[in-house]
K.L.:
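I am attaching a structure below and will ask some questions about it afterwards.
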Amino acid sequence: MTDKAYEIKLDIFEGPLDLLLYLIRKNEVDIYDIPIALITKQYMEYINVMRSLNLDLAGEYLLLAATLTHIKSRMLLPTSEEEEEEDEDPREELVRQLLEYKTFKEAALGLDRMSILGRDVFSRDQAFDEIEGDDQLFREIGIFELVEAFRRVSVGTGRHDIMEIDVEKISLSDRINDIVDELEKRGELTFTDLLRETDSRRRLIYTFLAILELMKLRIINAYQAVPYGAIRIRLAGGTDG
Amino acid sequence: MDNLKAVIEALIFVSDTPVTVAVIEGILEDVTKKELSSTVDDLIREYKERGGGIFLKEIAGGYQFRTGETLTPWVRKLKGQKPMDLSPAAMETLAVIAYRQPVMKSEIEKVRGVDVSGLLRGLLEKNLVRIMGRKNVPGRPIIYGTTRKFLETFGLKALSDLPTLREFKELEG
Amino acid sequence: MDNLKAVIEALIFVSDTPVTVAVIEGILEDVTKKELSSTVDDLIREYKERGGGIFLKEIAGGYQFRTGETLTPWVRKLKGQKPMDLSPAAMETLAVIAYRQPVMKSEIEKVRGVDVSGLLRGLLEKNLVRIMGRKNVPGRPIIYGTTRKFLETFGLKALSDLPTLREFKELEG
């Protein structure tokens with residue numbers, strides 16, 4: 001095969017597994033019994049051509065090259081007779097991966113063959129809407145749009161403290177919201193109302209942290225009628241006005 | 001052409017403005033204007049005789065499907081239910097509240113760099129944002145957080161389902 | 001109601017997204033769900049038997065008029081726009097998400113053997129894929145799934161309407 005032939009094929013591969021599938025198909029070999037030496041050799045040839053063409057070779061191609069080489073060397077190792085039955089075929093994991101990839105590659109082709117809106121079939125264009133919509137109704141908005149909006153403002157300020165929000169911080173907000181919800185519903189709660197026996201350690205910690213944060217912000221007040229009595233919490237000063 | 005009527009119908013259907021005979025002629029090259037006109041007339045008659053919910057009408061020198069005039073009340077009712085979108089500015093304000101809550105207005109403004117009073121009012125009215133309380137310091141600033149409806153609108157089980165910016169950045173590859 | 005069929009037809013016609021039976025029910029208050037469903041079915045059959053340029057289809061849990069599949073070349077000519085084009089790599093990524101959802105990014109990458117960050121972002125931007133939340137495993141990774149728009153784009157009634165995945169013979173032992 002000449003370099004020219006490689007060149008034509010290069011950009012049509014969706015990744016190393018795709019290249020491997022192509023080689024298996026081209027050589028008309030059984031995917032369940034891949035001649036590893038032959039396929040590895042051809043795979044390396046492709047990799048070398050890509051390199052010589054200074055193509056940006058994704059690390060994944062090299063990773064699979066290493067895997068192939070490793071399998072090849074394992075296939076060459078002699079195995080003793082009693083080991084043989086237990087030993088799995090060194091190719092097994094790779095074959096499994098290839099079969100799975102092949103399944104989804106075909107599923108993708110299946111999707112592509114469907115009647116795609118805007119490509120094969122069309123619905124009616126809606127240029128304008130003469131009637132205003134209802135303010136209380138929302139279409140379901142994707143979280144992606146929300147995060148994207150947050151990223152936009154954060155990048156604008158260039159401030160690191162804004163960017164740095166972790167799962168812990170958001171989980172704490174969850175607990176804060178739950179507690180305020182409960183207080184709005186019931187007016188007053190005791191400390192123990194907020195803690196359930198079934199709570200995980202993590203949830204207990206978040207509950208305490210949330211109460212501390214709410215007290216620090218003075219969104220809630222804590223009372224104790226008698227010494228050592230139940231600690232009661234209320235929303236401070238009401239939420240209106 | 002066998003399916004001339006079907007093609008014309010599809011063309012008029014997908015267009016958001018009335019379709020003229022000249023436009024159809026440009027698409028179906030080997031059909032005469034006369035043939036086109038008579039086919040469109042057939043279609044108009046068919047829809048009229050059928051007496052369904054939609055009719056083919058001649059409008060502004062072209063043709064367009066329109067809903068029957070007697071059906072306007074129902075159509076209006078449907079259109080009135082059309083869900084609203086949030087403007088990018090409202091979305092950004094909402095995002096800051098969602099991620100930074102419980103948060104004061106001054107903090108939101110520091111991040112967004114502009115006054116957010118109007119946007120906040122809008123989000124409160126839409127019940128996506130709520131007042132969680134007032135901080136007991138001079139000026140008694142209001143503290144904001146998100147609502148249950150916020151979670152529903154975004155299909156979230158809890159706020160902790162929100163991705164962090166670090167996770168989001170990973171998508172840039 | 002005498003003109004129930006006409007009203008339903010008009011409602012589906014004016015909407016820019018598939019209209020569900022629930023939405024129609026909310027507009028026509030005194031009609032039963034059963035009556036609505038059977039009337040919609042009548043309409044679907046009518047358009048099918050007529051074999052014209054438009055058809056009523058069940059899409060994403062609702063109903064929408066769409067042009068006939070054989071008319072694509074002409075409609076495309078009228079539209080003159082480039083259709084939404086998904087690269088084979090994007091289509092593969094979408095296929096893994098569609099069939100494996102809710103799915104983590106790392107799972108998609110394991111199947112495809114390549115990094116999918118950019119592709120995932122593109123699919124999120126096109127609103128074909130959405131963030132569904134987090135998986136309850138250590139690290140709470142983000143999980144992805146398909147959107148309503150995915151169903152609309154591929155003309156599916158529901159996810160269960162996806163063609164069955166042709167799984168390959170598992171390895172023995």
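Residue numbers start from 1 in every chain, and the chains themselves are labelled A, B, ... in the order their sequence lines are given, proteins ahead of strands.
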K.L.:
Given that the side chain runs from C-beta out, which part of Leu156(C) has a heavy atom under 4.5 Å from chain A: side chain, backbone, both or neither?
P.N.:
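Contact with chain A: side chain only.
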K.L.:
Can you tell which part of Glu69(C) gets under 4.5 Å to a heavy atom of chain A, answering side chain, backbone, both or neither?
P.N.:
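Both parts, backbone and side chain.
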K.L.:
Nearest 0.5 Å please: distance from the OG1 atom of Thr70(C) over to the CG atom of Asp120(A).
P.N.:
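Going from the OG1 atom of Thr70(C) to the CG atom of Asp120(A) covers 11.5 Å.
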K.L.:
Checking Phe65(C) against chain A: side chain, backbone, both or neither under 4.5 Å from a heavy atom?
P.N.:
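It is the backbone, since no side chain atom gets that close.
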K.L.:
Using non-hydrogen atoms and a 4.5 Å limit, figure out which bit of Leu17(A) sits close to chain C: side chain, backbone, both or neither.
P.N.:
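Contact with chain C is through the side chain of Leu17(A) alone.
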K.L.:
Are more than 12 heavy atoms, taken from residues, nucleotides or ligands other than Lys169(A), located less than 6.0 Å from that residue's NZ atom?
P.N.:
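It does: Lys169(A) NZ has more than 12 such atoms within range.
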K.L.:
Within the 4.5 Å heavy-atom criterion, are Asp16(C) and Arg124(A) side-chain neighbours or not?
P.N.:
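A side-chain contact under 4.5 Å is absent here.
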K.L.:
Side chain, backbone, both or neither: which part of Leu162(C) has a heavy atom under 4.5 Å from chain A?
P.N.:
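Contact with chain A involves the side chain of Leu162(C) alone.
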K.L.:
Tell me, side chain or backbone of Lys110(C) under 4.5 Å from chain A's heavy atoms, or both, or neither?
P.N.:
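Lys110(C) touches chain A through backbone heavy atoms alone.
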K.L.:
Could you tell me if the side chain of Leu124(C) sits less than 4.5 Å from the side chain of Glu145(A), heavy atoms only?
P.N.:
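Result no, sub-4.5 Å side-chain heavy-atom pair not found.
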K.L.:
Using a cut-off of under 4.5 Å for heavy-atom pairs, which of Arg148(C), Arg140(C), Arg121(C) has the most such pairs with chain A?
P.N.:
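Highest number of heavy-atom pairs under 4.5 Å: Arg121(C).
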K.L.:
Nearest 0.5 Å, please: how far is CG in Leu117(A) from CG in Leu151(C)?
P.N.:
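One finds 12.0 Å between CG of Leu151(C) and CG of Leu117(A).
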K.L.:
Taking Glu14(A) for the side chain and Glu92(C) for the main chain, is one N or O donor matched with an acceptor at less than 3.5 Å?
P.N.:
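Side chain of Glu14(A) to backbone of Glu92(C), a donor-acceptor pair under 3.5 Å: no, none is there.
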K.L.:
How long is the straight-line distance from OG of Ser123(A) back to CD of Gln64(C), given to the nearest 0.5 Å?
P.N.:
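If we round to the nearest 0.5 Å, Gln64(C):CD and Ser123(A):OG are 4.5 Å apart.
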K.L.:
Distance-only, no hydrogens or angles: does the Thr153(C) side chain make a donor-acceptor pair with backbone N or O of Ile116(A) under 3.5 Å?
P.N.:
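No; zero donor-acceptor contacts below 3.5 Å.
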K.L.:
Does the side chain of Phe104(A) reach to within under 4.5 Å of the side chain of Leu165(C), using non-hydrogen atoms?
P.N.:
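Phe104(A) reaches Leu165(C) side chain to side chain.
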K.L.:
Counting only heavy atoms closer than 4.5 Å, note whether Arg134(C) contacts chain A via side chain, backbone, both or neither.
P.N.:
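The side chain, not the backbone.
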K.L.:
Assess whether a salt bridge exists between Glu100(A) and Arg112(C), defined as any Lys/Arg side-chain N lying under 4.0 Å from an Asp/Glu carboxylate O.
P.N.:
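No, no charged N to carboxylate O under 4.0 Å.
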K.L.:
Applying side chain to side chain contact (heavy atoms under 4.5 Å, CB included), run through Phe122(A) and Arg66(C) and close with a yes or a no.
P.N.:
CA-CA 5 Å; Phe122(A) 299 83; Arg66(C) 297 216 164 167; over 6 Å; no
K.L.:
Taking the basic N atoms (NZ, or NE/NH1/NH2) and the acidic carboxylate oxygens, is any pair closer than 4.0 Å for Asp85(C) and Arg119(A)?
P.N.:
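Result for this pair is no, no salt bridge flagged.
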K.L.:
Could you measure the distance from the NZ atom of Lys57(C) to the OG atom of Ser115(A)? Nearest 0.5 Å is fine.
P.N.:
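It comes to 7.0 Å.
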K.L.:
Relative to Phe144(A), does Arg130(C) satisfy both conditions: NZ or CZ under 6.0 angstrom from the six-membered ring centre, and within 45 degrees of the ring's axis?
P.N.:
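No, Arg130(C) and Phe144(A) do not form such a contact.
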K.L.:
Counting heavy-atom pairs under 4.5 Å to chain A, which of Thr72(C), Leu86(C), Ile131(C), Thr147(C) comes out on top?
P.N.:
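That would be Thr72(C).
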K.L.:
Specify the closest pair of heavy atoms between Pro16(A) and Val114(C), including all atoms of both residues, with the distance to one decimal.
P.N.:
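Pro16(A) and Val114(C) have their closest heavy atoms at CD-CG1, 3.6 Å.
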